[in-house]
Each structure stands twice: as C-alpha cells, then as structure tokens.
Amino acid sequence: MGIRIYPPITNASGPLSVTYEELERIARSATGAIVTKSMTHCPRQGNPEPRLWAHLDGKIGSLNSMGLPNLGYQEYAKLIPKLKEFGKPVIASIASAPCAHNLPPVEQYREIAGAIEKAGADALELNLSCPNLEDVPISMDPQSVRAVLSAVTRDVKIPIGVKLSPYNNVPKLFEEIARTLLDFEIAYVATINSEPLTLDIDLKTRAKVIRPNDGFGGLGGPAVLPIALAEVHRFYRFFQKHRAQIAVWGVGGIIRAEDAIKHFLAGASVVQIGTLFLWEGPQAFERLWAGIQQWLTENGFSSVEELIGQVRDA
Ligand SMILES: Cc1cc2nc3c(=O)[nH]c(=O)nc-3n(C[C@H](O)[C@H](O)[C@H](O)COP(=O)(O)O)c2cc1C
C-alpha cells in the first residue's frame with residue numbers, strides 16, 4: 001500500500017519535530033507531509049548535553065547523540081488529530097528504547113503502532129536504525145527486522161515505512177535486510193539514518209563537539225550525501241530487480257535543490273530534510289521545492305516522476 005506525498009519532500013524525523021509547536025511549524029511550511037520525532041513507549045529526556053553540534057563550520061553538517069528525547073507515544077496520540085487538521089499526511093515515526101515497562105522491543109513497536117493507527121496517523125515510519133542508543137540498531141539484524149515487521153504488519157492497516165541505517169561496505173547484510181523486506185507489505189524504505197560512529201573536535205576548545213557516548217555520534221548533512229545516494233540507489237535497484245512495490249525515500253545530505261535531484265535520479269521518489277531544516281527552518285522546504293521545479297523546467301522534465309531512478313551509467 002503506497003502513500004502519496006506532494007510536493008515529494010518532507011522533514012526527516014527528529015530535527016525540530018518533538019513538540020506540538022515544532023510540528024505545527026512543519027505543518028504550516030511547504031512540506032508534503034508532517035513526520036514526527038521518533039516516539040518511544042515511555043517519554044524520554046534523551047542524552048546529556050551537549051548532544052547536538054550543527055554548525056555550517058567546515059560544511060560537514062550535524063553530529064548528534066540525542067538519545068531519542070520525545071514526549072512518549074501517548075502524548076503523540078493526542079497531538080495527531082490536531083496535526084491532521086492541516087490537511088497533510090501525518091507520518092508517525094516509532095522507535096524502541098529501554099523503558100520502565102521493560103517491554104521487549106517488538107512489543108513496544110506493536111503497542112505503539114496500534115495506538116498511533118487508532119489516533120489517525122496516515123502512515124507509520126518504523127525507525128529501526130537509531131545509532132545513539134546502547135543496543136545495536138534492529139536494522140543491523142535481519143531476524144530482529146523480521147520480528148518487528150511480522151508483529152506490526154499483522155495488526156496495522158495504514159502504510160508502513162522503514163527507516164534504515166547505511167549498510168556501507170557490508171553488502172551481504174544489505175542484501176539480507178533487503179530480502180527480508182520483500183516478505184512484507186511495506187510502502188517505503190527511508191534511507192539513511194545518521195551515519196553512525198562519527199567524531200568531530202572543536203579546535204578552539206580542543207574538545208569533542210558532543211558529550212554522550214565518548215563524543216561519538218551520528219552524522220547528517222552535506223558530508224553524508226554520497227553515502228545516502230548509494231543506499232538509495234542499491235535499494236532502488238534491488239526492488240526493481242525483484243519487482244517489489246516498495247518505494248525508496250531519500251534522506252541524507254540534501255541542502256540544495258541539486259542534491260534532491262540526485263536523490264531522485266538515484267531512485268528516491270520522496271526526499272526528506274534533516275540537518276538543513278535545523279539550519280534554515282521551515283522556509284527550506286519552499287526554497288528546495290522551487291529549486292527542484294526550476295531544475296525540471298530548465299532540463300526539459302515536467303515532473304519528478306520522470307527522473308526517478310533515471311541515473312545513467314558513466
Ligand atoms: C538532531 C537530530 C535528531 C534526529 N532524530 C531522529 C529520530 O528521532 N528518528 C529518525 O529516524 N532519525 C533521526 N535523525 C536522523 C535524520 O532523520 C536523518 O536521517 C539524518 O540526519 C540524515 O539526514 P540529513 O543529512 O538531511 O540531516 C535525527 C537527526 C538529527 C540531526
């Protein structure tokens with residue numbers, strides 16, 4: 001089951017999408033959908049600060065170890081009907097995390113998914129790939145991916161997206177995960193989550209730029225664009241080859257319209273914006289969409305659909 005997003009550009013889950021005020025700001029922008037922060041079973045404070053470094057310094061991007069600060073799914077269930085009044089699809093991102101109720105991750109996803117569907121969300125984005133929790137992300141283990149998808153797809157009828165980690169140079173794992181996805185009715189894969197295990201240093205203070213996890217965090221922004229393009233492209237190729245009706249949504253490194261065009265050419269049908277939204281705020285969506293349309297006109301295309309997956313071999 002698919003979900004139509006127009007314009008084909010949304011915020012990426014996380015940056016400035018935690019509170020109702022932040023989500024309302026997204027709803028009022030030119031975004032094609034409203035994507036919530038990944039919500040967990042219990043509310044979370046997240047990791048100690050400083051936990052986000054997001055300066056244009058060096059044009060690298062953002063480095064974070066937020067630790068999923070969010071209001072908890074029961075609060076989001078109350079907010080969703082209000083967000084729906086803006087007339088755009090509301091996509092609820094869901095994650096598992098250690099919690100006072102001690103529910104296993106699969107049960108957390110199942111319970112949250114059921115409640116959020118009931119609250120009226122238009123789609124769920126299962127964040128299986130948070131790089132900043134203690135456990136290895138579910139996205140790195142095909143059995144766990146299968147367990148979560150079996151539990152959620154059994155009960156839930158609204159479209160389901162799956163947010164994945166970059167698989168970088170582990171093609172065997174990429175292939176196992178991609179094959180696992182074929183067994184389920186999934187609307188889209190969103191790739192990539194932050195590139196894990198990255199470090200940066202502020203030369204003025206000679207300190208690591210963030211505190212949690214010994215300074216290691218997930219990277220977003222311009223530095224990850226080629227990584228994201230590669231993940232988008234290999235999922236797109238894989239799904240084409242296996243005639244799967246799973247769309248690929250491109251996330252990672254988009255700060256200019258040209259970056260989004262590259263994602264479309266690589267196979268993305270929707271793009272999501274994380275770090276740029278932190279830097280520029282909601283007008284980023286309007287600027288990017290205008291730039292994309294201008295590029296299409298100047299290059300003789302009439303719609304984004306004509307570009308999807310059309311990258312040529314060198
Ligand atoms: C501050 C911050 C918080 C994030 N929180 C989440 C989250 O809750 N859920 C999620 O799926 N991704 C989260 N991400 C990852 C982004 O959604 C996105 O995948 C990543 O930043 C790459 O996109 P970008 O290059 O446009 O930033 C977060 C990223 C940042 C910078």
Side-chain angles (χ1 to χ4, degrees), residues 9-19 22-23 26 31 33-40 43-47 49-56 59-73 76 91-97 109 112 123-133 137-139 161-166 188-196 198 200 209-210 212 217-232 248-257 259-260 262-263 268 270-280 284-285 288:
I9 167 168
T10 81
N11 65 301
S13 174
L16 303 176
S17 56
V18 178
T19 62
E22 288 175 343
L23 290 162
I26 294 168
T31 176
I34 307 158
V35 183
T36 70
K37 169 75 187 173
S38 295
M39 60 190 75
T40 53
R44 287 174 63 83
Q45 296 290 327
N47 289 336
E49 302 199 1
R51 57 191 184 183
L52 169 63
W53 170 89
H55 301 296
L56 265 171
K59 295 197 164 54
I60 293 173
S62 63
L63 204 146
N64 86 86
S65 180
M66 304 298 287
L68 290 178
N70 76 96
L71 308 177
Y73 81 94
Y76 291 102
I91 302 177
S93 172
I94 298 178
S96 66
Y109 280 102
I112 302 172
L124 300 179
E125 187 170 288
L126 305 179
N127 175 8
L128 304 182
S129 48
C130 181
N132 300 320
L133 297 172
I138 286 171
S139 55
V162 181
K163 177 94 174 264
L164 294 172
S165 317
Y188 71 91
V189 156
T191 189
I192 58 174
N193 209 318
S194 313
E195 175 70 26
T198 62
D200 204 1
V209 295
I210 60 169
L219 189 68
V224 305
L225 178 66
I227 300 170
L229 291 175
E231 296 294 324
V232 165
V248 183
W249 290 16
V251 201
I254 299 171
I255 60 164
R256 302 168 310 163
D259 305 326
K262 289 183 185 178
H263 269 270
V270 171
V271 290
Q272 297 186 324
I273 312 302
T275 300
L276 174 68
F277 179 47
L278 284 176
W279 286 339
E280 192 178 333
F285 300 107
L288 279 184

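Scope of the values below: all heavy atoms of this structure, side chains included, with no hydrogens, waters or symmetry mates. When a ligand or atom number is given, it counts from 1 through the structure's own listing order.
- Nearest heavy-atom pair, M66 versus N132, reported as atom, atom and distance to 0.1 Å: N-ND2, 3.8 Å.
- No donor-acceptor distance shorter than 3.5 angstrom exists from the side chain of R51 to the backbone of P212, with no hydrogens or angles considered.
- Per-residue contacts place V224 under 4.0 angstrom from the following atoms of ligand 1 (heavy atoms of the residue considered): 25 (O).
- Where the criterion is an N or O separation shorter than 3.5 Å, residue side chain and backbone included, N64 fails it with respect to ligand 1.
- Not a single donor-acceptor pair under 3.5 Å links the side chain of H263 to the backbone N or O of L225.
- Shortest contact from atom 15 (C) of ligand 1 to any protein heavy atom: N193 OD1, 3.3 Å.
- Near S62, meaning under 4.0 Å from any of its heavy atoms, are these atoms of ligand 1: 31 (C).
- Less than 4.0 angstrom separates some heavy atom of G253 from each of these atoms of ligand 1: 24 (P), 25 (O), 26 (O).
- Residue K163 has at least one N or O atom closer than 3.5 Å to an N or O atom of ligand 1.
- Atom NZ of K37 has more than 12 heavy atoms from other residues, nucleotides or ligands within 6.0 Å.
- Contact annotation for I192 and ligand 1: only backbone heavy atoms (N, CA, C, O) come within less than 4.0 Å of the ligand.
- Annotation: L219 places no N or O atom under 3.5 Å from an N or O atom of ligand 1; distance criterion only.
- Annotation for ligand 1: atoms under 4.0 Å from non-hydrogen atoms of L68 are 8 (O).
- Between S13 and E125 the shortest side-chain heavy-atom distance falls below 4.5 Å.
- Between D259 and K262, no side-chain nitrogen of the basic residue sits less than 4.0 Å from a carboxylate oxygen of the acidic one, so the salt-bridge criterion is not met.
- The minimum heavy-atom distance linking L133 with A97 is given by the pair CD1-CB, 4.2 Å.
- Among all non-hydrogen protein atoms, the one lying nearest atom 9 (N) of ligand 1 is S38 OG, 2.7 Å.
- Side chain of T40 to backbone of G72: no donor-acceptor contact under 3.5 angstrom is found.
- Scanning the protein heavy atoms around atom 8 (O) of ligand 1, the nearest turns out to be K37 NZ, 2.9 Å.
- Counting heavy atoms under 4.0 Å from ligand 1, residue N127 touches it through the side chain alone.
- In terms of protein heavy-atom proximity, atom 4 (C) of ligand 1 is closest to G14 CA, 3.6 Å.
- The contact set between ligand 1 and T275, taken as ligand atoms under 4.0 Å from a residue heavy atom, comprises 24 (P), 26 (O), 27 (O).
- Y188 places no side-chain N or O within donor-acceptor distance of the main-chain N or O of K163, the cut-off being under 3.5 Å.
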Apply the test side chain to side chain contact (heavy atoms under 4.5 Å, CB included) to residues L164 and E231: give CA-CA distance (whole Å), side-chain angles for both, the deciding distance (0.1 Å), then the verdict.
CA-CA 9 Å; L164 294 172; E231 296 294 324; over 6 Å; no
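- Counting the atoms of ligand 1 from 1 in the order shown, those under 4.0 Å from a heavy atom of G220 are 25 (O), 27 (O).
- In terms of protein heavy atoms, atom 26 (O) of ligand 1 is closest to G274 N, 2.9 Å.
- Considering only non-hydrogen protein atoms, atom 18 (C) of ligand 1 sits nearest to V251 CG1, 3.8 Å.
- The nearest heavy-atom contact from the protein to atom 14 (N) of ligand 1 is S13 O, 3.3 Å.
- When atom types are taken as modelled, the side chain of S194 and the backbone of G220 share no donor-acceptor pair closer than 3.5 angstrom.
- Note: an N/O pair closer than 3.5 Å links G221 and ligand 1 by distance alone.
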Working for side chain to side chain donor-acceptor pair (under 3.5 Å), residues S129 and S139
CA-CA 5 Å; S129 48; S139 55; 4.8 Å; no
